[in-house]
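Below, read A as the first sequence line, B as the second, and so on, with proteins coming before strands; counting in each chain starts at 1. Computed over heavy atoms, backbone and side chain alike; hydrogens, waters and symmetry mates excluded. Since the structure is predicted, the reported quantities are computational estimates derived from the model, not experimental observations.
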Amino acid sequence: MKILKKPAGTLDILPVDAIKRKFLEDRIRKIFDLYNYAEVRTPSFEKTELFRRGIGDETDIVSKEMYSFKNDEFTLKPEMTAPVIRAYIENSLFNRSGIQKLYYIANMYRHERPQSGRYREFTQFGAEAIGSNDYSIDIEMIALSVKIIESLNIKNLSTKINTIGSPDERSRYLSELKNYLSKYINDLSEISKTRLEKNPLRILDTKIPAEIEILESAPLLYDFLNKQTKEHFSNVLSGLDGLDIKYSTDYRLVRGFDYYTSTTFEVISDDLGAQNAILGGGRYDNLVEQLGGKPAPAIGFACGLERLMIILEKNDFKYPDEENIKVYISPIGDKAVKESLKLLFRLREAGIKCDMDFLSRSLKAQLKEANKFGAEYVLIIGPEELERDIIKVKKMDESTESEIKLNDLTNKPNLLFQ
RNA sequence: GCGGGUAUAGCUCAGUUGGCAGAGCGUCAGAUUGUGGCUCUGAAUGUCGCGGGUUCGAGCCCCGCUACUCGCCCCA
């Protein structure tokens, strides 16, 4: 019989990795909590329409990467901002406070070709702050995302920041950009040619050297932004300076979702391969309204957990060890097994992490197993011990043995550690 | 959707001009008849990814397929 394998681009998270993820998730939750962000969980799938309207029909994600089913009615979530905003509107969260600060850790699904740092099912953590247009929340959001990564002692990071203005401000610029690029139409790649019609802004982050050269003397989006947008941006930058957050501005930073307005940012790492973006985010002041809610400005970010883990691996990050078992019980013979089970559960009731042999193995094999588990004590129960109503207690690190009365231990399990 | 690379034991990988299928790690057993780690000795485990072709003979050469992987596009 042929064995079945997991779908391409998915991961089996075995104990050795699950421990690492648990550590990271705990660390991340702690920081979100410290910043007074509250957790939100949404369904694994949503109406397809939500992503069409939220992310944009022309984006790569919506046009070709979604896992959709039931006649395209539903889609596994490819990103979290649209669902969070949907939940915000649907549950009238705006009635609770002027600003909602929410965070999530959840799995996302995108049907792309898998490669290093890119999976079809992957984990993102991120935050959304909904309701404020103030530059101060931009600063908190960017600082928060940077601080989470910094808390893991990651080096070789760079934070890039840009502002892309509102759709109104952009439209004037886009026609100028189109005019300019049209002159070079024959030097543009096929992709850029189509983008020129559908989404000219995306041409800005091309990686083709020849196109970058053409863009050198292209009109600058920044010059088309109105005074408030520029002021907002400079306030964000000086606020980050005040918090000693290192960044560089990058006018070519435009992000792949249609909903972004004003501030955008991204953190990249040299330790990732081709997928060098570990974290991305920005302001999306029109999305709430676009999804049918009472207009509310918002800003958020998302970070890839798997990419974070790749970086940590490259940095030889030392994850804390898991807690070893305290006690391992070694029964010899049938009668001893029953006695051992009773004792095992008694110890657990007392909150002592413990295990026993379930394979009727030789004492030698059992001690080997206990050693592997890092057990502090091994309790040996065999015919001789049962005869005398005692248990042999072996302290592993000292290789010393003592005896203890079975009754005493049952009454006071913590006697072991005194 | 488009390119490159790889596929041999549970894991990491050797395998020469085509000539008996290998190592390290891990597992198990023994040295120690009821005592772990360290050491020594021994053992088990293979559809050499799948299908075809060439050949006296294929893990090795040729063709096709599949899977995995890296990259392009895009993104976390």
Side-chain angles (χ1 to χ4, degrees), chain A residues 1-11 14 16 55 58-66 77-81 104-126 145 149 189-192 194-195 199 202 205-208 253-257 266-269 272-281 300-311 328 330-333 336 357 359 361-386 392-401:
Chain A
M1 180 111 76
K2 204 172 175 184
I3 62 159
L4 295 166
K5 307 215 281 185
K6 65 187 181 328
T10 61
L11 296 167
L14 303 178
V16 62
I55 304 170
E58 297 301 333
T59 59
D60 283 340
I61 288 184
V62 172
S63 63
K64 61 184 191 195
E65 293 170 4
M66 298 211 295
K77 62 186 173 202
E79 63 100 46
M80 196 59 174
T81 301
Y104 58 86
I105 303 178
N107 284 356
M108 308 298 154
Y109 304 85
R110 293 182 198 172
H111 191 114
E112 304 175 86
R113 278 294 282 274
Q115 65 189 66
S116 178
R118 193 170 68 197
Y119 306 93
R120 288 182 172 174
E121 180 183 51
F122 60 101
T123 310
Q124 281 187 342
F125 62 88
S145 62
I149 299 178
S189 63
E190 283 310 308
I191 305 160
S192 291
T194 16
R195 284 205 182 125
N199 196 353
R202 297 302 323 276
D205 72 349
T206 179
K207 284 171 192 159
I208 304 167
L253 174 67
V254 292
R255 301 189 41 77
F257 301 143
E266 199 169 273
V267 177
I268 60 175
S269 162
L272 290 166
Q275 276 64 240
N276 64 354
I278 175 178
L279 177 158
F301 81 91
C303 183
L305 189 69
E306 288 80 8
R307 288 186 186 179
L308 190 60
M309 292 178 76
I310 290 173
I311 295 173
Y328 187 89
S330 286
I332 303 161
D357 173 78
L359 291 167
R361 284 182 283 197
S362 67
L363 180 59
K364 182 184 183 133
Q366 295 191 41
L367 282 163
K368 260 190 186 173
E369 182 95 326
N371 194 58
K372 231 179 290 172
F373 288 146
E376 202 172 323
Y377 295 96
V378 172
L379 306 185
I380 301 168
I381 309 177
E384 296 166 23
E385 288 78 10
L386 287 174
K392 208 173 262 177
V393 178
K394 177 162 182 143
K395 192 161 188 335
M396 294 298 272
D397 58 349
E398 291 170 6
S399 278
T400 54
E401 284 185 15

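- Rounded to a whole angstrom, the distance from the P atom of B:G15 to that of B:C20 is 16 Å.
- Look at OH on A:Y377: it is 21 Å from P on B:G37, rounded to the nearest Å.
- Whole-Å rounding puts the A:N371 CG to B:C38 C1' distance at 11 Å.
- Between A:K372 and the phosphate of B:U27, there is a side-chain N or O to OP1/OP2 separation shorter than 4.0 Å.
- A distance-only check finds a donor-acceptor pair linking the side chain of A:R307 to the backbone of A:G117 [under 3.5 Å].
- Distances shown here put every side-chain N or O of A:Q115 at or beyond 4.0 Å from the OP1 or OP2 atom of B:C70.
- Separating the P atom of B:U66 from that of B:G59 is a span of 24 Å, rounded to the nearest Å.
- No contact: A:A375 has no heavy atom under 4.0 Å from any strand.
- Side-chain contact annotation: A:E306 with A:T123, donor-acceptor N/O pair under 3.5 Å present.
- Among the heavy atoms of the strands lying under 4.0 Å from A:I332 is at least one base atom, whether or not backbone atoms are also near.
- Both A:E384 and A:D397 lie close to RNA chain B; mapped to their nearest nucleotides by heavy-atom distance, the more 5′-ward contact belongs to A:E384.
- In this structure, A:Y328 and A:A375 approach most closely via the heavy-atom pair CB-CB, 3.9 Å.
- Applying the salt bridge (Lys or Arg N to Asp or Glu O under 4.0 Å) test to residues at least two apart or on different chains, the pairs with a partner in residues 104-115 of chain A are A:E112-A:R118.
- Atom NZ in A:K5 sits about 9 Å away from atom P in B:U69, given to the nearest Å.
- Here the P atom of nucleotide B:C28 and the CG atom of A:L359 are 10 Å apart, to the nearest Å.
- A donor and an acceptor atom sit less than 3.5 Å apart, one in the side chain of A:R307 and one in the base of B:C75.
- Partners of A:R120 according to the side-chain hydrogen bond (donor to acceptor under 3.5 Å, both in side chains) rule, which considers only residues two or more places apart in sequence or in another chain, do not exist here.
- The two residues A:I55 and A:E79 make their nearest non-hydrogen contact at CD1-CG, 3.4 Å.
- As judged by a 4.0 angstrom heavy-atom cut-off over every strand, A:E401 is placed among the base-contacting residues.
- The distance between atom CG of A:L308 and atom P of B:C75, rounded to the nearest whole Å, is 20 Å.
- At a cut-off of 3.5 angstrom, counting only N and O atoms as typed in the model, there is no donor on one side facing an acceptor on the other between the side-chain of A:K364 and the base of B:U35.
- Residue contacts shown for A:K392 include a base, since a base heavy atom lies under 4.0 Å away.
- Between A:F125 and A:F301, the ring-plane angle classifies as perpendicular under the 30° and 60° cut-offs.
- A:E266 comes within 4.0 angstrom of no nucleic acid atom, judged by non-hydrogen atoms across all strands.
- Checked by distance alone, A:E112 brings no side-chain donor or acceptor within 3.5 Å of a matching partner on the base of B:G1.
- Distance check on atom P: B:U54 versus B:C63 gives 15 Å, rounded to whole Å.
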Give the intermediate values and the outcome of side-chain contact (heavy atoms from CB on, under 4.5 Å) for residues A:K368 and A:R361. CA-CA 11 Å; A:K368 260 190 186 173; A:R361 284 182 283 197; over 6 Å; no

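- When distances run from any side-chain atom of A:A302 to the nucleotides B:A76, B:C68, B:U35, the shortest one goes to B:A76.
- Contacts of A:G126 with the nucleic acid, taken as non-hydrogen atoms under 4.0 Å apart, are absent.
- When each of A:P114 and A:V254 is assigned the nucleotide of RNA chain B with its nearest heavy atom, A:P114 is the one assigned upstream, toward the 5' end.
- A:E121 contributes no side-chain N or O that, together with a main-chain N or O of A:L11, makes up a donor-acceptor pair within less than 3.5 Å.
- In RNA chain B, the stems built from three or more successive Watson-Crick or G-U pairs (distances below 3.5 Å) are B:1-7 with B:66-72, B:10-13 with B:22-25, B:27-31 with B:39-43, B:49-53 with B:61-65.
- At least one side-chain nitrogen or oxygen of A:R202 sits closer than 4.0 Å to the OP1 or OP2 atom of B:C75.
- Summarising the geometry, the separation between CZ on A:R113 and P on B:U69 is reported as 11 Å, rounded to the nearest angstrom.
- Computed from coordinates, the A:D60 CG to B:C73 P distance equals 11 Å when rounded to whole Å.
- When the P atom of B:C72 is taken as reference, atom CZ of A:R118 falls 8 Å away, rounded to whole Å.
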